[in-house]
Amino acid sequence: MKKEKKRNKPSKEIPLGFVDRKEKELLVRDFIISNIKEIMIKYGFQYLETPSFEYSDSIGKFLPDKDRPDEGVFSFKDENKWLSLRYDLTAPLARYVAKNYLEIPKPFKRYQLGTVWRNEKPGPGRFREFLQFDADFVGTKSSLADAELCVMISEILTKCGLNKSDFVIKISSRKITEELFKKLNIKDNQQKLTALRALDKIDRLGWDSVKELLGEGRKDKSGDFTEGANLSSNNIEIIEKELKKKTPETEDLIEIIKIFKDYNFRNFEFDSSIIRGLEYYTGIIFEVNLKFDVKNNKGQVIQFGSIGGGGRYDNLINNFGNYDAPATGISIGLDRLVYALMQKKDFKIKQSKPVVICVFDNNSMKEYINLQLLLREAEISAEIYPGEGKLKKQMEYANKINSPAVILYGEDEIKSGKPTLRNLSTGKEKSAEIRELVNEIKKII
RNA sequence: GCAGCAGUAGCUCAGUUGGUUAGAGCACUAGUUUGUGGAACUAGGGGUCGGUGGUUCGAAUCCACCCUGCUGUACCA
């Protein structure tokens with residue numbers, strides 16, 4: 001009987017890849033968001049919000065012969081159409097631009113903050129639900145736009161408390177690999193993609209492993225085998241040699257570096273091993289990398305990788321029809337930035353906690369409420385102890401929520417009109433006239 | 001998806017070659033203190049030992065399958 005009952009209890013577990021986020025983290029996130037908004041206004045971007053769900057085909061999820069478009073997205077069927085939770089903010093932007101093409105200004109600059117969902121295996125610091133920040137230029141081919149994005153994200157990170165030496169923007173261009181493929185006469189699209197994905201892993205795996213992936217394939221340390229791009233060893237040598245060059249040769253990179261100079265912006269590096277997985281990039285690509293150590297909850301230093309990146313995608317919006325909409329944009333993973341920022345030693349956000357007014361006798365509630373009103377009118381966070389119980393329990397509560405002080409206003413104090421104020425960090429008590437109370441508390445906070 | 005490892009209290013874990021009623025620390029509740037938190041002491045609650053089936057006189061322990069998690073790898077439009 002009892003066992004039966006237990007079995008029917010609802011699960012207290014949360015789904016794989018989803019997390020509860022607590023106040024400490026949320027405050028840092030709010031701080032970052034307020035900085036972002038401020039700077040986006042300064043740079044002249046429009047604020048936009050699009051829905052969490054889109055029709056699956058609108059965001060690039062076509063469902064040829066599948067029952068369910070579940071490749072990486074969460075979907076369900078509504079009446080006859082498939083809907084998917086958005087997996088990024090770029091696809092909805094493309095859809096928005098196509099839908100509103102005639103009304104929007106051209107070029108169109110918009111920024112967006114929003115949760116995105118990915119139906120993928122979560123990893124350390126990677127979840128199935130996370131907050132992204134995106135800023136994009138639509139309808140301009142100018143490298144000034146690409147440059148602005150880099151300068152802007154740098155300003156945001158600085159405003160959030162990072163030093164120039166804490167991060168770097170790495171830039172490259174898809175034109176480099178494109179020209180290489182042309183030169184080597186590699187035409188098969190699938191082969192190109194496999195090669196790009198392999199090159200994207202240089203950071204993590206190193207050149208030796210990447211060369212295996214460009215060739216026949218690679219066995220990882222768990223014994224799993226990954227099929228390679230099957231390029232000839234001659235071609236692989238040429239690719240390695242070409243990508244190890246330290247100076248950019250493509251036109252777009254030369255141009256953006258010149259613009260950086262005009263901005264007096266130096267916090268960037270050319271790195272031809274920056275590839276980025278997405279297929280749709282066509283030109284300049286960049287990544288925002290942190291240079292300080294990030295640790296996991298066991299205190300081990302983990303390879304954190306980039307907190308975001310972006311690049312130029314001149315053909316994406318054309319998928320919706322014939323729009324002249326070359327575009328470039330940046331995405332930042334806010335939760336990852338929050339995680340990293342919380343580890344900076346000098347980074348703390350204080351949240352004022354309420355002064356707790358203890359309850360001795362429910363018949364004196366009017367007195368407590370008056371005190372509470374007085375404090376709140378003075379913009380002091382205050383609350384009457386919200387439960388029932390002895391004074392000890394009330395003190396324990398105040399201690400647990402990090403309250404700076406409690407006010408004791410029992411029979412004797414009410415009679416004399418002088419509440420007792422107890423400082424919870426020193427443990428000292430003081431008797432104060434009601435009109436002095438606000439000042440005494442301000443001394444403590 | 002593939003591979004390796006692991007699942008014992010809310011959390012971190014111990015549990016000997018299979019052997020009584022499964023333990024510890026932290027956390028929680030109550031008390032020592034009927035008006036005083038962070039320390040101490042005392043007592044207490046809390047477990048289908050991931051699940052199912054099997055081997056056995058006897059299973060947290062051995063076997064099979066399943067589920068879940070972690071790590072690596074792939075995918076990440």
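Just so we're on the same page: letters track the sequence lines, and every chain starts at 1. Any value given below was found using the heavy atoms of this structure, including those in side chains, with hydrogens, waters and symmetry copies removed. The structure presented is a predicted model; accordingly, all values stated were derived computationally and were not measured.
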Salt bridge between A:E240 and A:K244, side-chain N to carboxylate O under 4.0 Å?
yes

In whole Å, I'd like the distance from the CD1 atom of A:I401 to the C1' atom of B:G38.
14 Å

Which value, in whole Å, describes the distance between the P atoms of nucleotides B:G10 and B:C49?
12 Å

Decide, yes or no, whether a salt bridge links A:R21 with A:D335 under the criterion of side-chain N to carboxylate O below 4.0 Å.
yes

Could you tell me whether the side chain of A:F76 reaches within less than 4.5 Å of the side chain of A:L83, counting heavy atoms only?
yes

Side-chain atoms of A:E396 come closest, of B:U73, B:G35, B:G37, to B:G37

Measure up the A:Y111 and A:Y47 rings against each other and bin them: parallel (under 30°), tilted (30 to 60°), perpendicular (over 60°).
parallel

Given the P atoms of B:A24 and B:G45, what is the spacing between them in whole Å?
12 Å

Residue pairs passing the side-chain hydrogen bond (donor to acceptor under 3.5 Å, both in side chains) test with at least one member in residues 399-412 of chain A, sequence neighbours excluded, are none

Is the shortest side-chain N/O distance from A:K201 to OP1 or OP2 of B:C75 below 4.0 Å?
yes

Rounded to whole angstrom units, what separation is found between the OH atom of A:Y397 and the C1' atom of B:U36?
17 Å

In whole angstrom, give me the gap between the P atoms of B:A14 and B:A30.
32 Å

Per the atom types in the model, does the base of B:G37 pair as donor or acceptor with the side chain of A:N399 at under 3.5 Å?
yes

If you measure from the P atom in B:U8 to the same atom in B:C70, how many Å do you get, rounded?
14 Å

Looking at A:K141, I'd like to know if its NZ atom is crowded, meaning that more than 12 non-hydrogen atoms belonging to other residues, nucleotides or ligands lie closer than 6.0 Å.
no

Hey, would you say the A:F137 and A:F45 ring centroids sit under 6.0 Å apart?
yes

Using the side-chain hydrogen bond (donor to acceptor under 3.5 Å, both in side chains) rule, pick out the option among A:T328, A:T90, A:D136 that qualifies with A:Y313.
A:D136

Rounded to the Å, how far apart are A:D20 CG and B:C11 P?
13 Å

Does B:A74 have OP1 or OP2 sitting under 4.0 Å from an N or O in the side chain of A:R204?
yes

Would you please name every residue forming a side chain to side chain donor-acceptor pair (under 3.5 Å) with A:E227, sequence neighbours left out?
none

Tell me the interatomic distance from A:M395, atom CE, to B:G35, atom C1', rounded to whole angstroms.
10 Å

Residues A:E23, A:K353: salt bridge by 4.0 Å N-O rule:
yes

B:G18 and B:C13: how far apart are their C1' atoms, nearest whole angstrom?
22 Å

Side chain of A:L408 - closest among B:G35, B:C76, B:A74:
B:G35

Would you indicate which nucleotide in B:U73, B:C75, B:U36 comes nearest to any side-chain atom of A:L391?
B:U36

Sticking with atom P, work out how far B:G44 lies from B:G7, rounded to a whole angstrom.
30 Å

Between B:A27 and B:G69, how far apart are the C1' atoms? Round to whole Å, please.
23 Å

For nucleotides 31-33 of chain B, which of its nitrogen or oxygen atoms have a protein nitrogen or oxygen under 3.5 Å away, and what is each distance?
| unit_1 | atom_1 | unit_2 | atom_2 | d |
| --- | --- | --- | --- | --- |
| B:G31 | OP1 | A:K390 | NZ | 2.6 |

With a sphere of 6.0 Å drawn around CG of A:N362, does it hold more than 12 non-hydrogen atoms of other residues, nucleotides or ligands?
no

Can you sort out which residues in residues 351-372 of chain A have a heavy atom within less than 4.0 Å of RNA chain B? Ascending by number, please.
A:F360

Atom CD of A:E413 and atom P of B:U36: how far apart are they, to the nearest Å?
12 Å

Contact under 4.0 Å: A:R128 side-chain N or O vs B:C76 OP1/OP2:
no

A:N119 vs A:V73 side-chain heavy atoms within contact, under 4.5 Å
no

Under a 4.0 Å N-O cut-off, is there an ion pair linking A:E440 with A:K443?
yes

Which ranges of RNA chain B pair up as stems, where a stem means three or more consecutive Watson-Crick or G-U pairs with both distances under 3.5 Å?
B:1-7 with B:67-73, B:10-13 with B:23-26, B:28-32 with B:40-44, B:50-54 with B:62-66

Within the structure shown, what part of the strands sits under 4.0 Å from A:D412 by heavy-atom distance: base, sugar-phosphate, or nothing?
base

Nearest to side-chain heavy atoms of A:R218, which nucleotide of B:U73, B:U36, B:C75
B:U73

Taking any heavy-atom pair under 4.0 Å as a contact, classify A:S425: base, sugar-phosphate, or nothing.
base

So, A:T420 versus A:E413: side-chain donor-acceptor pair below 3.5 Å or not?
yes

Taking any heavy-atom pair under 4.0 Å as a contact, classify A:E411: base, sugar-phosphate, or nothing.
base

Between CZ of A:R276 and P of B:C76 the distance, given in whole Å, is 13 Å

Quick check for you: among B:G35, B:U73, B:G37, whose closest atom lies nearest to any side-chain atom of A:L205?
B:U73

Is there any protein nitrogen or oxygen under 3.5 Å from a nitrogen or oxygen in nucleotides 41-45 of chain B, and what are the pairs?
none

Heavy atoms from C-beta onward define the side chain here; which of B:C75, B:C28, B:G35 lies closest to that of A:K400?
B:C28

Do the side-chain N and O atoms of A:D134 and A:S331 include a donor-acceptor pair separated by under 3.5 angstrom?
yes

State whether a side-chain donor-acceptor pair under 3.5 Å links A:N234 with A:S232.
no

Using only side-chain N and O atoms of A:R197, determine if any of them is under 4.0 Å from OP1 or OP2 of B:C76.
yes

Closest nucleotide of RNA chain B for A:E429 versus for A:L213: which of these residues is on the 5' side?
A:E429

Please measure how far the C1' atom in B:U56 lies from the corresponding atom in B:C63, and state the result in whole Å.
12 Å

If I take atom NZ in residue A:K393 and atom P in nucleotide B:C28, what distance separates them, rounded to the nearest angstrom?
13 Å

Please work out whether the ring planes of A:Y397 and A:Y385 are parallel, tilted or perpendicular, with thresholds of 30° and 60°.
perpendicular

Without decimals, in angstroms, what is the distance between A:E120 CD and B:G72 C1'?
17 Å

